[in-house]
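To start, the structure under review is shown below, and the notes come after it.
Convention: sequence-line order gives letters A, B, ...; per-chain numbering from 1. The shown structure was predicted, so the numbers you read here are calculated from the model rather than taken from an experiment.
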There are 2 protein chains.
Amino acid sequence: MANSLDTIFPALADPTRRAILSMLLEDDMAVTDVAEPFEMSLAAISKHLMILTRAGLIAQEKRGRVKWCKLEPDAMKGASVWMQGFGQFEPINLDAFERFLETELDSAPE
Amino acid sequence: MANSLDTIFPALADPTRRAILSMLLEDDMAVTDVAEPFEMSLAAISKHLMILTRAGLIAQEKRGRVKWCKLEPDAMKGASVWMQGFGQFEPINLDAFERFLETELDSAPE
DNA sequence: GGGATCGTCAACCAAATGGTTGAATGTCTA
DNA sequence: TAGACATTCAACCATTTGGTTGACGATCCC
């Protein structure tokens, strides 16, 4: 059930959840820190994180009283492949992305 | 608005709409023929097609009394690129990544 | 122990979503 | 011109979704 198109696409349909995923691209985060930039309650963020977890897009691990959220990008693979099936759109994206990463890693030692 | 993540992902979140897109992969179809395999009213299918159209995922062209539906796979490009950005495990500069996405989407074929 | 912190639960609410039906509009054809 | 066909519109309905608040169970630390 998790990791299927029926859970992945609805999970990605909400802009808050997509923003959370983008934040987790930088680093693992605690629930409270995920919630900080958003103007909504912690409970609302907690629900979003639950949806992302059930979709397999993130994993949550509790250490002490802090629950850490970790991106699970492989969960997007199915949806990505599904979309590629429609695509005459080309891997120019990947090439450009690799160039982007190179310059990014060169200029950002942090 | 069309062709943005805020319309594409919600459009892809419904299984009926994804099935319609898969059907259109084979050939252009009239609205009635799109509706035929589904156990729901024509009006419901018409709404789904409107959502897909507003997302830019299909185009509808009326010839006579028949409205033809045609897949527009390039509309998935933005979402596809966005997801591929998560295929990387390296921590990256998010601002730069967003700038990258913008230029990437600007260069999308019309 | 006791107070602050982390996160979820439960009940609730408004709005959006996905469906229905029946009437309406436009177009083809006999 | 009349009738059949293709599609949408309008009103309505039930369910889901995304949010709130307040109480609660853990956990950390003084």
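Across the protein-nucleic acid pair, A/Met29 atom CE and C/dG7 atom P stand 11 Å apart, rounded to whole Å. One atom, CD1 of B/Ile20, and another, C1' of C/dG18, lie 12 Å apart when rounded to the nearest Å. If you take CD1 of A/Ile45 and P of D/dT17, they are 17 Å apart, rounded to a whole angstrom. Atoms CG (B/Leu49) and P (D/dC9) sit 12 Å apart, rounded to a whole Å. Rounded to an integer number of Å, the gap from CE of B/Met50 to P of C/dG18 is 15 Å. Going from atom CG of B/Leu12 over to atom P of C/dT17 covers 14 Å, rounded to whole Å. The distance between atom CZ of B/Arg54 and atom P of C/dG18, rounded to the nearest whole Å, is 12 Å. Distance CZ (A/Arg18) to P (D/dG18): 11 Å, rounded to an integer number of Å.
At least one side-chain heavy atom of A/Trp82 sits less than 4.5 Å from a side-chain heavy atom of B/Leu21. Under the 4.5 Å side-chain criterion, counting only non-hydrogen atoms from C-beta, B/Arg63 is in contact with B/Trp68. Contact of the B/Met83 side chain with the A/Lys77 side chain is not registered, since no non-hydrogen atoms from C-beta on lie closer than 4.5 Å. Between B/Lys70 and B/Ile58, the closest side-chain pair of non-hydrogen atoms is not below 4.5 Å.
Side chain of B/Ser46 to main chain of B/Leu42: no donor-acceptor pair is present (N/O by atom type, distance under 3.5 Å, no hydrogens or angles).
Heavy-atom minimum distance, B/Arg18 versus B/Leu12: NH1-O, 2.9 Å.
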Quick one, give me the B/S/- string for nucleotides 19-30 of chain C, reading 5' to 3', where B means a protein heavy atom under 4.0 Å from the base and S means that only happens at the primed atoms, P, OP1 or OP2.
BBB-----BB--

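Donor-acceptor pairing under 3.5 Å is lacking for the side chains of B/Gln84 and A/Ser80.
Between B/Gln60 and A/Ala13, the one whose closest nucleotide on DNA chain D sits nearer the 5' end is B/Gln60.
Picking from C/dG18, C/dG7, D/dT7 the nucleotide with the shortest atom distance to the side chain of B/Arg17 gives C/dG18.
Considering only side-chain N and O atoms, A/Ser46 lies nowhere under 4.0 angstrom from the phosphate OP1 or OP2 of C/dG7.
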